[in-house]
Amino acid sequence: MRTWITTGRGAMASEDELIEQRLAKRERLLSMSDAYPARVSRTHTAAEAVRAFLDAGEVENQVAVTVVGRVTAQRVMGKAAFLDLRDQGGRIQLHFRRDALDDFEHLDLVDLGDFLEVTGSVFRTRMGEVTVAVASWRVITKALRPLPDKFHGLSDIEARYRQRYLDLIANERSREIAFTRSRVVSAIRRFFLDRDFLEVETPVLQDHAGGAAARPFLTHHNALDRDLYLRISLELHLKRLLVGGFERVFEIGRVFRNEGISYRHNPEFTLLESYEAYADYHDVARMLEELLAYVAQDVLGATELVHGEHTISLAPPFARITYRQALLDHTGIDLDAHRSVESLTQVALERGVRPDEGASWGTVLDALMSEFVEPNLIQPTFIFDYPTELSPLAKRKVDDPAVVERWELFALGYELANAYSELNDPVDQRERMAEQAAKKSGGDEEAEVADEDFLVAIEHGMPPAGGLGIGVDRVVQLMTGERSLREVILFPTMRERQGERPHEHPGDAGDAAEVDAARTDVSE
RNA sequence: GGGCCCGUAGCUCAGUGGCAGAGCAGUGGACUUUUAAUCCAUCGGUCCUCGGUUCGAAUCCGAGCGGGCUCACCA
């Protein structure tokens with residue numbers, strides 16, 4: 001009868017039985033009325049109902065409410081029952097009495113997880129809980145699968161990520177993180193809009209995945225019979241908009257990098273990039289200080305936050321140190337004294353850092369920074385003036401062409417943001433893209449590709465500008481105090497489970513055939 | 001990708017070579033102010049998968065799958 005319900009992990013008798021019982025209750029509900037009405041009433045949320053009762057001086061039978069939500073607990077005592085009803089913002093207790101309800105017995109058809117619409121008046125129980133004395137009620141959604149344990153919740157981390165909806169039902173902390181993330185993104189957006197930045201959207205599907213050093217995902221457009229890459233950054237299109245005359249633009253968007261998955265890395269993550277004409281990287285640094293302080297104040301109500309054993313202060317100004325000085329301070333290496341790969345590799349080896357075969361000067365520097373400097377940058381710290389070799393899109397320092405006007409902001413030992421005085425000399429840009437292209441053909445999969453269309457764009461003139469990139473997920477991590485990136489991403493990328501198939505639905509066999517036919521049509 | 005740890009009922013977990021267990025949820029019963037309601041009874045298992053050792057494997061061994069932590073690369 002119900003062969004179309006699968007457990008998703010192969011048939012398991014007892015789970016099937018639970019579903020079977022709930023299906024039978026659904027049938028009984030449907031035979032009496034609708035268990036899935038399209039329209040429901042609601043006069044108060046749970047929190048509003050409590051508030052209204054308090055505001056009315058806690059007089060019983062005075063405050064009439066209609067509330068809706070999910071049943072999360074049932075305490076049935078023969079001729080009376082208490083149910084907990086939860087909505088997005090809170091929970092309220094319901095009291096059902098046999099002598100007050102014709103349909104009291106129909107509570108047998110209600111399971112944990114069902115949604116109810118309930119009308120009644122608010123009172124306070126002997127035990128002190130504000131409660132709705134139910135005068136009428138109905139099921140507005142019958143659930144077929146049981147919820148996680150009402151007391152222990154859902155603690156299996158894999159289940160929490162794969163079935164985040166259960167995590168959100170069971171774990172208050174997961175809800176908090178999701179709310180905080182939303183507030184962080186809203187605050188960031190408001191900050192830029194308030195400063196007259198134009199919010200734009202640029203292509204995810206691109207001919208060249210440029211603007212960062214990372215391996216892209218490849219996809220295919222059927223009608224054009226053409227491969228496309230998923231973007232790895234927002235940079236090159238936003239700069240085209242500077243050429244087009246916009247002076248302040250930003251985008252908050254998902255980018256995709258075809259790299260390892262870990263608690264610090266998800267293949268798709270949210271990047272914010274902004275570009276401001278006639279600003280330089282010092283201006284951008286000051287703006288970022290204001291931004292982070294603003295977001296922290298807005299979301300947390302303070303510019304200090306506790307993250308594990310550390311108390312982080314986001315009150316401007318942040319520490320500033322040059323790349324060269326930071327390396328000198330933490331390793332004793334003066335990069336100006338080791339301008340050749342051979343010399344630098346030698347001092348790296350002396351400190352136990354073994355660069356990859358054929359590593360370039362910049363790559364060795366990067367390894368030294370990652371090993372000795374970055375982990376120590378707990379309080380927000382700007383590292384200024386990067387080696388040109390590592391920064392093909394940033395403007396050179398006038399007094400030292402081996403260094404560019406670029407900074408990265410670190411906190412808690414990892415990178416939060418990255419900014420340049422943007423390179424707008426098309427001749428220099430063309431040369432540096434050519435260098436990257438040479439590296440790429442030399443086997444460096446993360447080297448940038450030359451983007452001719454972009455070069456043509458800036459040959460029309462791009463104004464001097466300061467650009468910024470922020471890892472939004474990491475800002476959320478910072479603001480929530482979470483250690484794992486997967487806790488701040490609602491649906492983190494997971495491996496495919498072995499033998500897992502999409503849940504089947506009625507008529508699946510026929511639908512599948514139609515889909516196949518449709519595909520054939522498209523490919524012709 | 002390397003190292004370490006984990007995978008037992010819908011959920012949370014015991015069980016480390018000898019009959020597959022508990023609490024919650026479910027089902028039946030008692031109970032008209034409970035709140036992890038309580039009490040009685042009861043249903044529920046591919047012990048992740050495959051192979052091996054053994055008279056006998058959830059337990060020991062090997063391989064695989066999935067997950068967590070960690071190291072390396074990346075934001």
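To find a chain, count down the sequence lines: A is the first, B the second, and so on, and within it residues start at 1. As a basis for the values below, the full set of heavy atoms in this structure was taken, side chains included, without hydrogen atoms, waters or symmetry mates.
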Syn/anti state for B/U16 [syn: chi within 90° of 0]: syn
Whole-Å distance separating the CD1 atom of A/Ile261 from the P atom of B/A75: 16 Å
Opposite nucleotide pairing with B/C69, Watson-Crick or G-U, both atom distances under 3.5 Å: B/G3
P gap between B/G29 and B/G45, integer Å: 23 Å
Beyond-backbone contact of A/Phe82 with A/Glu129, side-chain heavy atoms, under 4.5 angstrom: no
Aromatic ring proximity A/Tyr281/A/Tyr420, centre distance under 6.0 Å: no
side-chain hydrogen bond (donor to acceptor under 3.5 Å, both in side chains) against A/Arg28, all qualifying residues, sequence neighbours excluded: none
Parallel, tilted or perpendicular: ring planes of A/Phe217 versus A/Phe256, cut at 30 and 60 degrees: perpendicular
Spacing of the C1' atoms in B/C6 and B/A58 (rounded, Å): 14 Å
Gap between atoms OH and P, on A/Tyr263 and B/A72 respectively (whole Å): 10 Å
Pair partner, B/A9 [Watson-Crick or wobble, under 3.5 Å]: none
Integer-rounded Å distance: B/A72 P and A/Leu368 CG: 14 Å
Mate of B/G62 where both pairing distances stay under 3.5 Å, Watson-Crick or G-U: B/C50
Separation of atom CG in A/Leu485 from atom C1' in B/A75, rounded to whole Å: 9 Å
Whole-Å gap separating C1' (B/U12) and CG (A/Leu112): 15 Å
Length of the line joining A/Trp407:CH2 and B/A75:C1', which is rounded to integer Å: 14 Å
Comparing A/Asp473 and A/Ser484 on RNA chain B - which has the more 5′ nearest nucleotide: A/Ser484
Ring geometry between A/Phe197 and A/Phe250 (parallel below 30°, tilted from 30 to 60°, perpendicular above 60°): perpendicular
Euclidean distance for C1', B/U8 against B/C4 (whole angstrom): 22 Å
B/S/- contact track for nucleotides 27-35 of chain B, protein heavy atom under 4.0 Å: S---BBBBB
Nearest-Å distance once atom C1' is located in both B/C43 and B/A25: 12 Å
Exceeds 12 heavy-atom contacts within 6.0 angstrom, atom CZ of A/Phe269: yes
C1' gap between B/U12 and B/A72, integer Å: 36 Å
Nearest-Å distance once atom C1' is located in both B/A37 and B/C47: 33 Å
Between the protein and nucleotides 21-24 of chain B, list every N/O to N/O distance that falls short of 3.5 Å.
| residue | atom | partner | partner atom | Å |
| --- | --- | --- | --- | --- |
| B/G23 | N2 | A/Asp149 | OD2 | 2.9 |
| B/C24 | O2 | A/Asp149 | OD2 | 3.3 |

Any strand: nucleotide that pairs with B/G26 via Watson-Crick or wobble, under 3.5 Å: B/U42
Listed nucleotide nearest any side-chain atom of A/Arg162, set B/A72, B/U12, B/G66: B/G66
Single hit among A/Arg181, A/Arg264, A/Arg486 for side chain to side chain donor-acceptor pair (under 3.5 Å) with A/Asp473: A/Arg181
For A/Arg124, salt bridge (charged side-chain N to carboxylate O under 4.0 Å, His left out) partners two or more places apart: A/Glu58
Between B/G15 and B/G51 - P atom distance, rounded Å: 28 Å
Residues in side chain to side chain contact (heavy atoms under 4.5 Å, CB included) contact with A/Glu201, at least two apart in sequence or another chain: A/Glu251
B/U32: pairing nucleotide in any strand, Watson-Crick or G-U under 3.5 angstrom: none
A/Tyr414-B/A75 aromatic stacking (under 5.5 Å, under 30°): no
A/Glu290, CD: over 12 other non-hydrogen atoms inside 6.0 angstrom: yes
Listed nucleotide nearest any side-chain atom of A/Gln74, set B/U12, B/G26, B/G67: B/G26
Nearest-Å distance once atom P is located in both B/G28 and B/C19: 33 Å
Whole-Å distance separating the CD atom of A/Glu17 from the C1' atom of B/A25: 13 Å
Can you name the atoms? Protein N/O to nucleotides 3-6 of chain B N/O, anything below 3.5 Å, with the distance.
none

Residue matched to B/A37 through Watson-Crick or wobble contacts both under 3.5 angstrom: none
